[in-house]
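Structure record follows, encoded as structure tokens.
Numbering of residues begins at 1 and proceeds along the displayed sequence. Because the structure is a prediction, the values reported are computed rather than measured.
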Amino acid sequence: MTHWIVLLNLGPGSLREGFPAVTAMAWDSEHPRPVKFTGSLPPARDLVAIAKRWQLIYQDLSQTWAWHPRIKLETGDITNVSTVDFNDLCKQYRSSFNEWLDAPEFRKIDGKLRSSFQPSDEIQIILETDNLELRNLPWHLWQWFQDYPRAELAFSQVEYSRRSLSKPPRSPLRILAILGNCSGIDLDTDRQLLENLPDVELVFLPEPTHQEIDDKLWDNRGWDILFFAGHSHSDERKEHGAIAINSTEKVTLESLTPALKKSVDRGLKLAIFNSCDGLGLAHQLLQLDIPQAIVMREPVPDSIAHLFLKHFLVAFSRGDSFYLSVREARERLYALEERFPCASWLPALCQNPAVVPIQWPQKRSPAVSHQTQNLFSSNSLIFSLLFAILLTLFILIVRQLGLLQTWELTTFDAMMRSRPVEFPDPRLLIVTVTEPDIQALGDWPISDRKLTEVLQKLNAYKPRAIGLNLYRDLPAPPGTETLRNQMQNQSNLIVICKAQDSRNEGINSPPGVPNSRVGFNDISIDPDGVLRRHTLFMDEHPGCPTEFALNTRLALLYLQAEGIAPKEIDQNTIKLGDRFLYALNRWGAYPAFEGKAFQLLLNYRVADPVAKTVTLTDILEGKINPKWVEDKIVLLGVTATSARGDTVATPYSYRGTTFQKMPGVTIHAHKISQILAAVLDDRPLLNLWSPWQEGLWIGLWSAAGAGLGWQIRSRRVLLPSLGAGVGVLYGTAWLLLVGGTWVPVIPAALGWLASPLAAHFVKKC
């Protein structure tokens with residue numbers, strides 16, 4: 001069975017001129033994506049005349065039959081129309097009304113609606129109209145309602161709003177029952193019917209004053225249902241209504257407007273006016289944006305008022321929907337129409353479409369106590385949280401095996417690329433050997449004589465340190481001896497070697513250069529070929545007699561001039577000034593990496609370029625500002641691809657559809673900048689949490705997901721909530737990364753998304 005909602009809007013027009021722009025929108029309450037149909041309705045002048053005649057005769061007959069109606073009518077000229085004649089008029093009314101709705105212009109809407117529904121569906125039809133003539137028509141006579149026995153119609157205004165956030169009904173329901181002037185009618189039966197309701201808090205106001213009603217409506221606790229029984233009437237245009245609250249006093253709803261508005265804001269969901277001629281009351285209640293209201297269209301016999309109220313309250317309090325309860329109570333009046341013609345025509349339902357219809361709060365089964373229900377609820381939540389803990393342990397094991405490493409590193413790269421841009425490091429100068437430089441030299445590798453010239457020109461500008469990222473283990477005459485003397489005696493020059501490992505034989509440092517001015521330029525590349533780690537120290541290897549990386553040597557040489565020397569060096573910690581550098585642990589995103597090395601996560605400087613850059617030709621031709629070199633670290637390396645310079649992929653290599661590796665000399669500049677900025681500028685280093693911190697982080701997201709899945713039953717709400725949670729997780733992780741901490745995103749997201757499945761399943765069971 002499906003619950004449908006249909007908004008039917010006849011648009012501008014009248015019964016005399018027709019309605020040229022009729023629209024209908026329908027949607028399933030479980031999947032609120034409406035479909036819309038359009039059509040029109042022709043003029044119905046005969047229907048206007050029939051409706052007017054029916055109303056006049058009905059009001060006259062209601063007096064002659066001594067119905068004891070709940071209205072004080074002036075005695076007029078009594079017609080001599082018999083019950084048989086009136087019944088014939090009713091048949092004519094029904095036939096004319098259905099002929100109008102069966103017009104070809106409207107049949108398109110009728111057919112589209114029928115193709116969407118099943119006879120077993122519950123269908124809530126809301127007629128949006130401010131045309132008071134339309135509200136007078138007996139819409140329940142539409143053949144459509146005979147074909148769909150679980151459908152019912154309500155009226156609404158064309159414009160409406162929700163005055164306050166929807167609040168669930170209280171348990172027990174609070175009902176304010178106003179019993180007005182009882183002259184000639186029986187209100188004790190209404191009172192008894194209300195008193196028989198289960199789980200309600202009833203407050204009766206028998207024949208109250210205006211002030212007493214106003215005071216009760218302003219009650220801070222609010223009301224769920226407002227009930228009135230007694231005499232009432234509407235003006236001729238059905239725009240205003242009044243109720244007789246005692247034997248001497250009548251009040252209009254306008255005089256109660258502030259109190260009624262406040263009552264709606266405090267949770268009033270339903271107004272029942274079990275009294276006569278209530279369409280004027282309904283019009284005013286709709287203007288107050290009251291969620292639902294039930295009124296009687298015409299004078300209502302006292303016994304019919306009792307019977308409708310009885311059947312409505314029985315059906316509604318047993319858990320039937322509001323609309324079906326009204327329909328059942330209305331149809332139970334058919335059996336009395338031989339004595340009270342058109343009794344089933346009288347109830348009229350009003351609805352604010354912006355509010356979900358009220359539902360009677362169901363009392364728990366006697367077999368299941370509140371304590372048992374709470375225990376089951378608590379146990380299901382405990383089970384959900386236990387599942388979250390087990391899921392967290394499973395994720396940690398899978399993560400430690402390295403099965404999530406690729407996803408984690410890819411996410412890390414994406415966050416690295418999206419960080420805020422920084423300025424180039426002013427302490428560095430990069431001298432690149434480009435393709436035009438090689439063409440200008442006429443040969444490669446650069447000769448020893450030409451390299452000596454470059455070093456001498458740079459040294460003349462008094463740099464604090466020079467890093468030569470060129471292998472010079474073999475001579476490149478002419479000028480070999482001169483270069484060797486230059487490199488052996490230039491105290492601020494750091495040269496390179498390459499360590500031997502299983503993949504290569506290594507490359508020696510230039511002959512004669514002291515080991516204290518030699519640094520390795522080896523890099524630690526991840527399995528996917530991307531450089532994310534910064535190696536500062538490692539064990540000595542044959543052919544490369546140093547423990548220090550080129551970038552480390554240069555950074556320490558620079559810091560030495562600042563009076564900063566390394567302290568407390570061990571396998572896990574280095575102290576430079578007041579700054580501690582902690583080695584990358586072998587856990588989580590990096591369950592294993594090669595060698596006994598002191599490594600950091602490489603916090604690339606988000607600048608392009610990372611430092612000021614000039615070319616080799618600029619140096620040889622003297623086209624540089626000496627201040628670019630003075631007291632700086634100068635790095636000299638190759639960027640020309642023809643020279644087979646060392647290039648490597650980084651998180652910044654992936655730029656949309658393009659891919660570009662980073663030259664080794666630029667890599668060393670990023671590494672040097674990382675050390676100097678951390679010590680001198682307090683720039684964050686990238687750190688990982690300890691194992692227990694990461695486990696707690698993943699566990700909290702798993703537990704939060706379990707709690708969400710346990711709390712939310714609807715998938716339409718749960719899935720967007722999970723998506724929003726992933727966004728919050730990613731945003732939080734990004735902010736932490738900008739601050740210097742890389743936290744697990746993929747493991748936490750798996751916990752957040754997977755744990756609600758079990759919790760949602762347990763909750764439904």
Side-chain angles (χ1 to χ4, degrees), residues 384-420 524-534 572 581-594 599-604 606 650-652 654 674 684-709 721-759:
S384 301
L385 295 177
L386 179 61
F387 177 82
I389 294 172
L390 295 176
L391 177 64
T392 300
L393 294 175
F394 175 76
I395 291 173
L396 291 175
I397 292 172
V398 170
R399 187 173 188 245
Q400 192 61 20
L401 293 174
L403 300 180
L404 302 180
Q405 182 168 296
T406 300
W407 292 355
E408 290 199 72
L409 295 180
T410 301
T411 305
F412 170 79
D413 293 346
M415 291 194 295
M416 289 287 285
R417 290 192 293 270
S418 64
R419 293 182 303 160
S524 300
I525 299 177
D526 290 333
D528 58 357
V530 178
L531 177 66
R532 302 181 183 88
R533 286 174 283 150
H534 177 182
N572 298 306
L581 281 63
Y582 298 101
L584 181 64
N585 61 53
R586 301 177 183 229
W587 165 264
Y590 281 116
F593 50 80
E594 71 283 351
Q599 296 185 346
L600 306 174
L601 278 172
L602 180 48
N603 190 7
Y604 287 90
V606 192
T650 72
Y652 297 91
Y654 302 89
Q674 165 159 291
L685 292 166
L686 290 184
N687 297 305
L688 299 176
W689 276 340
S690 65
W692 73 265
Q693 288 175 310
E694 292 193 339
L696 180 61
W697 165 263
I698 297 169
L700 288 175
W701 279 100
S702 298
L708 185 73
S721 300
L722 290 175
V726 171
V728 171
L729 167 60
Y730 188 90
T732 303
W734 182 85
L735 290 173
L736 290 171
L737 184 69
V738 171
T741 303
W742 177 23
V743 299
V745 176
I746 297 299
L750 289 176
W752 166 256
L753 295 173
S755 57
L757 300 179

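- Taking both residues in full, the closest heavy atoms of P684 and G739 are given as CB-O, 3.6 Å, listed atom of the first, atom of the second, then distance.
- One finds the OG atom of S418 at 8.0 Å from the CG atom of L737 (value rounded to the nearest 0.5 Å).
- Here N687 contributes atom CG and L736 contributes atom CG; the two are 12.0 Å apart, rounded to the nearest 0.5 Å.
- Across I698 and P747, no two heavy atoms sit closer than the pair CD1-CB, 3.5 Å.
- Two residues are said to be in side-chain contact when any heavy atoms from C-beta on lie closer than 4.5 Å; L750 and V398 fail this criterion.
- Here D413 contributes atom CG and E408 contributes atom CD; the two are 12.0 Å apart, rounded to the nearest 0.5 Å.
- The minimum heavy-atom distance between R419 and V606, with the atom names listed, is NH2-CG2, 3.2 Å.
- In this structure, D528 contributes its side chain and T406 its backbone to no donor-acceptor pair below 3.5 Å.
- Of all heavy-atom pairs spanning V745 and A733, the tightest one is CG2-CB, 3.4 Å.
- Interatomic distance, E694 CD to W742 CH2, rounded to the nearest 0.5 Å: 8.5 Å.
- T410 places none of its side-chain heavy atoms less than 4.5 Å from the side chain of Y654.
- A donor-acceptor pair under 3.5 Å is formed between the side chain of Y652 and the backbone N or O of M416.
- I746 CD1 to I395 CD1: the interatomic distance, rounded to the nearest 0.5 Å, is 11.0 Å.
- Between the CG atom in L581 and the NE2 atom in H534 there is a gap of 9.0 Å [rounded to 0.5 Å].
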field: Step-by-step side chain to side chain contact (heavy atoms under 4.5 Å, CB included) determination, V530 to F412
entry: CA-CA 12 Å; V530 178; F412 170 79; over 6 Å; no
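- Side chains of Y730 and T411 form a contact here, defined as non-hydrogen atoms less than 4.5 Å apart.
- The backbone N or O of P651 sits less than 3.5 Å from a side-chain atom of R417, completing a donor-acceptor pair.
- When side chains are defined from C-beta on, L601 counts as touching L584, because their heavy atoms get closer than 4.5 Å.
- The two residues L602 and Q674 make their nearest non-hydrogen contact at C-OE1, 3.5 Å.
- Minimum interatomic distance between Y604 and L531 (heavy atoms only, all atoms of both residues): OH-O, 2.7 Å.
- Residues passing the ring pair (Phe, Tyr, Trp, His ring centres under 6.0 Å) test with W701 are W697, W752, sequence neighbours excluded.
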What pairs of donor and acceptor atoms, side-chain ones from residues 386-393 against any protein atom, are under 3.5 angstrom apart with sequence neighbours left out?
from	atom 1	to	atom 2	distance (Å)
T392	OG1	A388	O	2.8
T392	OG1	S702	OG	3.3

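- The local environment of CH2 in W734 is crowded, with over 12 non-hydrogen atoms from other residues, nucleotides or ligands closer than 6.0 Å.
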